[in-house]
Amino acid sequence: MMTNFAYTLSSSEFKHLWFNHKKVMGHDFFGNDGMIEGTNGFFKEADYTRVYQDIFNRGGISLGITSMGGLVVVLF
């Protein structure tokens, strides 16, 4: 699962979709405050770059198994 995740995020297709999200999907990504203009709202160009870099510069990955048998992935 982690190999597939890493492969997908490092692909040129993902990078193209990430930086052209509005053209491809018709809307911008947005932050934790939802679909608002302002802080933590709709992404600006700098947000796309910052978050993209943050995806690849993580301090660690923690894997585990749930009591139901599923895999848990925590990125931090």
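Remember, it's a predicted structure, so these values are computed and weren't measured experimentally.
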Those residues that, when tested against His16, pass side-chain hydrogen bond (donor to acceptor under 3.5 Å, both in side chains) (two or more places apart): Asn20
Counterpart residues, ring pair (Phe, Tyr, Trp, His ring centres under 6.0 Å), relative to Phe14 (two or more places apart): Trp18
Contact summary for Phe56 and Tyr52, nearest pair of heavy atoms: CD1-O, 3.2 Å
Reported CD1-to-CD distance for the pair Ile55 and Gln53, which is rounded to 0.5 angstrom: 9.5 Å
Connected via hydrophobic side-chain network under 4.5 Å: Phe19 and Val51: yes
Review item, side-chain donor-acceptor pairs of residues 29-45, under 3.5 Å, at least two apart:
from	atom 1	to	atom 2	distance (Å)
Glu37	OE1	Lys44	NZ	3.0

